[in-house]
Structures are given as C-alpha cells and as structure tokens.
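Taking it in order: structure first as structure tokens, then the write-up.
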Amino acid sequence: MSLITPVILSGGSGTRLWPLSRTGRPKQLLSLTSDETMLQLTASRAPVSEGYAAPVVVANAAHADMIEEQLTAGGLEQALLILEPAGRNTAPAIAAAALAVDRDALMLVMPSDHVIRDVAAFRAAIAAATPLAEQGWLITFGITPDGPETGYGYIQRGEELAPGVARVRNFVEKPDRATAEQYLAGGDYSWNGGIFLFAASAYLDALAKHAPDILAAVQRSMESATREGHRLYPNQHDFAASPSQAIDYAVMEKADRVAVVPVEMGWSDVGSWDALHAISDTDEAGNVHHGEVFAIDTEGCLIRSEGPVVAAVGVSDLIVIATPDAVLIMPRGESQEVKRAVAALQKDGHITLDRAL
C-alpha cells in the first residue's frame, strides 16, 4: 500500500450544536462522544503507527492554537496546519493541501467532525480503494444507508471495478422521503459522506480541467504563502479570490474516473442534537446524560451540562443543553430548529454565538 497522507478538513463553524458549539470553538474541537475531541478521533483513524504519513489539517486561522494543542496532545506535533484566511468550501481547501504535498502522494480527505465507530471497516475500505487511487481514480466512500434519510446526498453505484469498488453512476442531491425510500429499496445507492481518496496529481489535474479558476487562485495563494513552524498561511488576497465551491460540484460530479467504495462503518456526521442522542448510550429510560444531571421520572431526553446542575423532573423527549452562559431547551426530534435560535441571536448580535467556552 502506498503511503497515504491524511488531510483533515476542520473549517466548519458548527452552529447546529449551539450552545455548546460556537464559531470560537466549533464541534470538531469538542469532546462529544468520548474523552477525545472529534478532531483527535479523526486523526486517530489514520495514525503514523499504521503506516500513514503525518496529517495535513486545513483549518480556520482563528482556531490554530486550539488545533495545535489538541494535535500535540495526540502525539501529532509534526502535522502541517494550512490556515485559511477565509472559508471557501472544500474544493479550495483540498487544493491547498494537494499543493502542499508531493504530486504523487495519495490523500485521504476526511471531515474532522464525523463519527466512525468501526475503524477496522473504514481501513479495509481504504485498502480496497488504494489500487485504483494509485491508477488515478478519484475515490469517494459511500455510507451504507440505514434508513430513507433526506438530509444527505446520495451516490448511485454502477459497474464493479474491483472487489468492493464500483464506478459512480450518479451523484444525487438530497431527496424527498419518497425518493429516498426508492433509493433504499433499489440497493445501489449510498449516502455521500464527504470522505475521499486520490492522488494529489489526479485532483489537481481534475481541478485544472473542471474548475481552473479555483486552481489558479489557490496556486497563487500557496506560492506566496508564509510559514511559521508547522503553520502555513496562504496569501489572504489570492485565497479569498477563489470561488467558494464544494468538491462534489467542482470535481466529483464532472470527472470521468470516479469510483465509490460502499462501507458500513457506524458513521454519523453528528449534524444535530438528535443525531448525538441516536449514537450515544442511553440509560434504562432512554436518556443520555453528560455532566451533573439529575433525571427523575424522566425518559427519552438528551440532557447535557457544562457547568450548572440540571434537574429534570417528570419530562420526556426533551433536549436540554446547559453551558455557563446559555441554555437550550427544545423537543427531541426537532433539533434542526436550533437554527431559529441561532438566527435570533445573530440578529441581536449576541456574544454567545462567538464566545468560546
């Protein structure tokens, strides 16, 4: 197997998990499912001890100190931090990483804020994909669906190229429920989890063909980048000139040699408080607790405290998130509606959106 460089994307703001996640400390820098943060868990899936290269982390410059501290705590002092002066979505972020490594390097691109419970299955999928990636294919990892989810994009599989690897027939936008049920019944669709494997050269060549304006802007920004130790700062003016576009739209949906490896690995993007409840261990009443919580005659709740004592009595199916400066209470099953609270706070210019805990 070729030496693979993990590329960890850590640029998100994570407001869907407000009030715990803030722009000053987004969810990938939080310990949500274990004692380790989500960034640390992501890095541990492709460790140097298993033959991977030191990771490249593409992140918001405002989070540099926290990221460096967490990587050092995980024994990854040699990680390269590419610190974006402005968010331009995943296609430019991955381009910066591809320009920072050898053209022949294989890049394992991973969001920093996902959960993968079966790491062995993930590594087996990487092994299955590597030979085709070495031949210049752009590989995406398709998540085996466990229900007619309408919140994810889907990937339709075509002909088999190798054991466990198929050509991508089609990328599909988030469907309505009836369409998602058809995809599930058909058996040839996977969720698009945003995890990729390809050679740096293959990605850069695809960008040159399908999104040359992105490549040109990022190239200029990297040519005039400044470096401080393990931190690399692309030129602010040039990087900001890049169009803001996701890798799916810029490259994957347009390129010819695109393959998918379907994998069942206990994946979640932890995109809401409901999602966190679904993947967490519950007590006998279906509650998930974190912090100093007293649940009395309470069932089906997610109750998390980062400071004050929370006592819940005679309630059910609630989400209660308490931090030192904010409390969120809402019905379980409707946690996507946290955006309404965030919108109200944004309108008011409230400090709790940006202040790190």
Side-chain angles (χ1 to χ4, degrees), residues 4-18 20-21 25-47 50 52 55-60 63 66-67 70-71 74 76 79 87 89-91 93-94 97 107-126 129 139-147 149-155 171 174 190-198 246-248 252 260-281 288 335-336:
I4 296 173
T5 299
V7 174
I8 302 173
L9 304 179
S10 183
S13 60
T15 55
R16 289 181 295 177
L17 294 183
W18 183 87
L20 190 58
S21 177
R25 194 180 184 90
K27 71 172 181 176
Q28 63 266 28
L29 302 180
L30 301 174
S31 302
L32 292 176
T33 61
S34 77
D35 292 336
E36 295 179 286
T37 68
M38 301 192 79
L39 173 67
Q40 290 170 324
L41 289 170
T42 302
S44 72
R45 293 171 196 140
E50 294 292 329
Y52 293 86
V56 175
V57 179
V58 187
N60 186 324
H63 304 146
M66 286 184 282
I67 289 172
Q70 291 188 10
L71 292 174
L76 293 169
N89 216 315
T90 53
I94 297 167
M107 301 166 53
L108 175 64
V109 179
M110 300 179 287
S112 60
D113 57 355
H114 291 182
V115 167
I116 294 176
R117 296 209 175 275
D118 191 346
V119 175
F122 180 42
R123 291 180 184 165
I126 294 168
I139 312 293
T140 183
F141 295 87
I143 311 304
T144 302
D146 58 13
E149 176 61 54
T150 60
Y152 302 134
Y154 283 70
I155 303 167
F171 286 93
K174 297 174 183 178
S190 301
W191 290 337
N192 187 350
I195 304 171
F196 308 96
L197 178 69
F198 39 64
I247 181 178
D248 297 293
M252 302 300 285
V260 58
V261 181
V263 56
E264 188 170 354
M265 56 185 178
W267 174 91
S268 172
D269 68 349
V270 198
S272 68
W273 289 117
D274 282 314
L276 185 61
H277 182 275
I279 65 172
S280 300
D281 294 332
V288 175
S335 63
Q336 297 294 348

Which distance, rounded to the nearest 0.5 Å, do you find between the [atom1] of [X] and the [atom2] of [Y]?
X	Y	atom1	atom2	result
Leu39	Ser10	CG	OG	5.5 Å
Gln28	Met66	CD	CE	9.0 Å
Ile247	Phe198	CD1	CZ	4.0 Å
Tyr152	Ile143	OH	CD1	9.0 Å

Under a 3.5 Å distance rule, please check whether [X] uses its side chain to pair with a backbone N or O of [Y] as donor and acceptor.
X	Y	result
Ser272	Ser335	no
Asn192	Gly153	no
Arg123	Arg45	yes

Evaluate whether atom CD of Glu264 has more than 12 neighbouring non-hydrogen atoms of other residues, nucleotides or ligands under 6.0 angstrom away. no
Which atom of [X] lies closest to which atom of [Y], heavy atoms considered:
X	Y	answer
Val260	Gly142	CG2-N, 3.6 Å
Arg16	Lys27	NH2-NZ, 4.3 Å
Gln40	Glu36	OE1-CA, 3.5 Å
Glu149	Tyr154	O-OH, 2.6 Å
Leu30	Pro26	CG-O, 3.7 Å
Ala275	Gly271	CB-N, 4.0 Å

Do [X] and [Y] have side chains that approach each other closer than 4.5 Å (heavy atoms only, starting at C-beta)?
X	Y	value
Tyr52	Ile126	yes
Met265	Ile195	yes
Leu17	Leu32	yes
Ser31	Thr37	yes
Thr33	Leu41	yes

Only counting residues at least two apart or in another chain, list the ones meeting side-chain contact (heavy atoms from CB on, under 4.5 Å) with Ala129. Ile139, Phe141, Leu197, Val261
Output, in order, the C-alpha distance, side-chain angles, deciding distance and verdict of side-chain contact (heavy atoms from CB on, under 4.5 Å) for Val288 and Leu276. CA-CA 9 Å; Val288 175; Leu276 185 61; over 6 Å; no
Applying side-chain contact (heavy atoms from CB on, under 4.5 Å) to Thr90 and Phe196, what does each step give before you reach the verdict? CA-CA 11 Å; Thr90 53; Phe196 308 96; over 6 Å; no
Going by atom type alone, with no hydrogens or angles, which donor-acceptor pairs under 3.5 Å involve a side-chain atom of residues 107-120 and a protein atom two or more places apart or on another chain?
residue	atom	partner	partner atom	Å
Ser112	OG	Leu9	O	2.9
His114	ND1	Trp267	NE1	3.1
Arg117	NH2	Ile279	O	2.8
Asp118	OD1	Ala120	N	3.4
Asp118	OD1	Ala121	N	3.1

